[in-house]
Every structure is written in C-alpha cells, then in structure tokens.
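See below for the structure under consideration.
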Amino acid sequence: MTQLIDTPAAVPPARSTRGPGRLRVVLAALAVLATLPYVGLKLLWLTGSTVGLNDPDAMSGGAMGAANAITLLMELTAAALAVALVLEVGRRIPGWLVQVPMFVGTGLLGGILVLLPIEGIRTVLTSPSTEQTTAAGDTAIQGWVFAMVYGGFAVLGVSLLAIFGLHSWDRWIRPGGWTTRLSTWAPVTPRQRGLTIAHALGMVAICLTELVVAARADLLGSHGIMAVLMAVVSSAGLIALALRTPGSLRGSTALVMAYVGAAAVAAWGLYFFVVMLIPSPLRTTDPMPTALITLEFLRGLSGVITVVVAARLRPASR
C-alpha cells in the first residue's frame with residue numbers, strides 16, 4: 001500500500017469546483033442510512049438493553065462491552081469515511097489514513113457480499129453452518145438481529161466500496177497508470193516473478209488447508225468457502241500482475257482482483273483468529289484446534305502481504 005501512496009503519480013489532480021456528483025452523494029446517503037440499525041443496536045447493548053437477545057447475559061462482561069464498543073466505532077468510521085470521500089476534504093486526508101481502514105472495510109464488507117449467497121445456497125442444500133452457530137452465536141442472539149444486521153452490511157458494503165472505488169480511481173489508479181494494458185508494462189525480474197507466484201499459490205494453499213482442518217473438526221462453514229474463493233481471485237490478479245499477462249487485461253482489473261480478494265482473506269482471517277482466542281458467550285466453550293487458530297493467523301498475514309506485493313508490481317513503461 002505504501003507504494004501507491006508514496007509515488008509522485010499518486011498526488012491527486014485538481015478536482016472540479018462543481019462538487020461531488022449526484023451518484024456519490026446518493027451512495028454516501030445510503031451508506032450512512034445502512035449503519036443506523038447497527039449503531040442503534042450497539043448503543044442499546046452498551047447501555048444494558050437485552051433487545052434481540054435470547055440470553056440476557058450474552059452481552060455482559062468487560063470483553064463483550066469492549067467488543068461492542070470497538071465494532072460500534074468501526075461502523076461509525078465507515079459512515080464518516082463514506083461522507084468524507086465524496087467531499088473535497090477526502091482528497092486532503094493522508095493516503096494511509098484512508099487505505100488502512102478501507103482495507104479492513106473492504107475485506108469485511110466485501111467478504112459479506114460473497115458470503116451471503118454462499119450461505120443461502122448452503123442453507124438450501126444442507127443445515128445451517130456449524131461455524132456460524134459457534135462463532136456468531138445463533139443461540140444467544142435472535143434471528144431477526146442477523147437479518148437486520150447483515151442486510152445493513154450488504155447495503156453498506158455496496159455503497160461504501162463503490163465510493164472507495166471511485167475515490168481510488170481518481171486519486172491513485174488513473175494517475176498511477178494502472179488503467180493501461182499489461183502488454184505495455186515492463187516485465188518484472190525473474191526473482192520477483194517467482195516469489196510473487198509462490199506467495200499467491202501459498203495463500204490459496206493456506207485457505208484450502210484451513211478448510212480441510214475445519215471440516216475435520218466439524219467447524220466447516222461458509223466463511224471458509226468464501227476465503228478459498230477470494231484467495232483464488234486475489235491470486236489470479238496477483239499472478240497476472242507478475243506475469244504481465246494476459247496482455248489485453250488492464251492493470252486496474254488485476255489490481256482490484258488482488259486487492260479485494262486479499263482484503264477479505266486478511267480481514268476475516270484475523271477476525272476469526274481473535275474470536276477463537278478470546279472466550280465469549282457468543283461461541284462454543286469447546287477449545288478451538290490450535291492448528292485452526294494458527295491457520296487463521298497465517299491466512300490474515302498472507303492477505304496483508306499480498307497487498308504489499310501487488311503495490312510493488314505497479315506499472316512501468318517499457
């Protein structure tokens with residue numbers, strides 16, 4: 001990510017004085033509205049309410065209070081970014097201060113957009129996933145809460161990611177030359193190409209191994225399937241950038257594939273790594289397999305590294 005921020009090409013061009021376009025304003029409004037149910041629910045839980053809970057003690061204790069406060073702050077940050085990135089002030093926010101929270105947001109929200117249809121298909125074909133029950137706490141939280149929360153996440157994901165995409169296009173992607181075809185880019189060194197491909201395949205291998213370990217522990221869920229799919233997408237984009245092929249593919253397309261897929265792999269991997277380490281009323285009290293916890297961490301780390309590697313494969317003229 002630092003390469004995208006620090007290159008001279010990343011300096012944003014002057015923006016039109018006509019202000020943000022109507023589409024961006026609508027997207028920002030949708031994003032803010034989508035956060036309201038979640039923010040309201042978190043505020044109720046933080047003030048001692050038991051609305052939406054089957055177990056009145058599910059939100060008690062310091063750990064759950066801290067978790068609710070952190071997730072509330074994340075939701076408010078998403079709303080603030082949605083507004084800031086459509087205004088002129090968004091151009092003046094340091095690049096890292098936009099990219100770091102949006103990397104997390106892209107991973108969590110983009111992952112949910114992929115996760116929802118996967119979970120729908122699995123629900124039709126099988127029983128509800130064990131992982132969702134153990135990690136999200138279906139027995140402690142009423143069903144309507146999940147429908148409301150994930151519905152809001154879906155709207156927020158589409159709106160916020162579209163805003164971030166438009167902002168990135170204007171600020172980094174187009175000025176940085178990422179929109180040109182890969183056939184016009186100078187080739188990377190054989191060593192860099194080999195290491196990049198090895199890392200891409202390694203990320204997929206980590207996610208596949210995690211899927212197998214979770215299945216053997218009877219913890220296979222939609223999140224693991226989503227991780228494999230997003231790892232494959234990310235690796236395909238990363239390998240395309242490393243090989244500069246297919247030549248007709250635009251670098252921006254490969255970059256988006258690598259970035260969005262890696263963000264989902266990283267954000268959800270590190271999320272489950274933390275969830276599995278910290279006991280809470282919202283997951284099973286059975287100890288989690290050490291191998292699975294380790295794989296979640298490695299999965300998260302591999303996603304972060306992928307973004308750094310992709311940034312270093314930025315375009316260069318022949």
Side-chain angles (χ1 to χ4, degrees), residues 1-16 20-21 23-24 27 85-86 90-91 95-96 98-99 102-103 105-107 109-111 113-114 157-190 192-201 203-204 229-266 302-318:
M1 288 189 287
T2 55
Q3 293 295 330
L4 292 178
I5 295 170
D6 296 337
T7 53
V11 177
R15 197 175 192 181
S16 170
L23 173 61
R24 301 189 191 212
L27 289 171
L85 293 184
V86 303
R91 296 287 209 151
W96 68 268
V98 173
Q99 291 186 0
M102 280 308 308
F103 178 71
T106 298
L109 296 171
L113 292 175
V114 176
V158 172
S159 305
L160 183 58
L161 297 189
I163 291 170
F164 179 57
L166 292 169
H167 179 86
S168 298
W169 182 270
D170 293 337
R171 187 171 180 179
W172 295 299
I173 295 177
R174 186 170 56 188
W178 291 88
T179 59
T180 56
R181 300 183 186 279
L182 293 178
S183 59
T184 66
W185 293 16
V188 301
T189 64
Q192 186 179 16
R193 183 167 59 245
L195 290 174
T196 299
I197 294 173
H199 169 74
L201 296 178
M203 179 171 60
V204 175
L229 292 177
M230 297 303 274
V232 170
V233 169
S234 180
S235 295
L238 194 63
I239 290 174
L241 289 173
L243 297 179
R244 307 309 205 210
T245 188
S248 59
L249 185 70
R250 295 192 180 276
S252 54
T253 301
L255 177 65
V256 169
M257 291 171 61
Y259 178 87
V260 175
V265 168
S302 70
V304 173
I305 293 174
T306 296
V307 177
V308 177
V309 172
R312 294 177 65 85
L313 294 171
R314 63 189 185 278
S317 300
R318 288 184 179 276

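For the numbers below, each heavy atom of this structure counts, side chains included, while hydrogens, waters and symmetry mates do not. In this chain, residues are counted from 1 in sequence order. Here the structure is a predicted model, which is why all the values come from computation and not from measurement.
Between the OG1 atom of T196 and the CZ atom of R312 there is a distance of 9.5 Å, given to the nearest 0.5 Å. Atom OG of S234 sits about 12.5 Å away from atom CG of L229, to the nearest 0.5 Å. Going from atom CZ of R181 over to atom OG1 of T253 covers 9.5 Å, rounded to the nearest 0.5 Å. Note that the CG atom of L161 and the CG atom of L166 stand 11.0 Å from one another [nearest 0.5 Å].
Using a distance-only test at 3.5 Å, with no hydrogens or angles considered, no donor-acceptor pair links the side chain of S252 to the main chain of T179. Side-chain atoms of S235 come within 3.5 Å of backbone atoms of A231 as a donor-acceptor pair (strictly under, hydrogens ignored). Not a single donor-acceptor pair under 3.5 Å links the side chain of T106 to the backbone N or O of F103. Of the possible donor and acceptor atoms, one in the side chain of S168 sits under 3.5 Å from a partner among the backbone N and O of F164. Of the possible donor and acceptor atoms, none in the side chain of R193 sits under 3.5 Å from a partner among the backbone N and O of P187.
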Trace of the side-chain contact (heavy atoms from CB on, under 4.5 Å) decision for R244 with L313: CA-CA 10 Å; R244 307 309 205 210; L313 294 171; 4.1 Å; yes

Verdict with supporting geometry, M203 and L238, side-chain contact (heavy atoms from CB on, under 4.5 Å): CA-CA 11 Å; M203 179 171 60; L238 194 63; 5.7 Å; no

Derivation of the side-chain contact (heavy atoms from CB on, under 4.5 Å) call for L113 and V158: CA-CA 8 Å; L113 292 175; V158 172; 4.1 Å; yes

Intermediate values then yes/no, ring pair (Phe, Tyr, Trp, His ring centres under 6.0 Å), W169 and W178: CA-CA 9 Å; W169 182 270; W178 291 88; over 10 Å; no

Candidate pair V260 and M230, rule side-chain contact (heavy atoms from CB on, under 4.5 Å), full reasoning: CA-CA 8 Å; V260 175; M230 297 303 274; 4.0 Å; yes

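Side-chain atoms of L27 and V86, non-hydrogen and from C-beta on, never get closer than 4.5 Å to each other. Within the 4.5 Å cutoff, no side-chain heavy atoms of I163 are placed close to those of R24.
Closest approach of L241 and L182 over heavy atoms only: CD2-CD2, 4.2 Å. Considering all non-hydrogen atoms of both residues, M257 and A236 come closest at CE-CB, 3.8 Å. Across H167 and G90, no two heavy atoms sit closer than the pair CE1-O, 3.5 Å. Contact detail for R171 and V98: the closest heavy-atom pair is NH1-CG2, 4.0 Å. Looking at every heavy atom in both residues, P315 comes nearest to W185 through CB-CE2, 3.2 Å. When all heavy atoms of S302 and V265 are compared, the closest pair comes out as OG-CG1, 4.1 Å.
Side-chain N/O atoms of T306 and H199 include a donor and acceptor closer than 3.5 Å.
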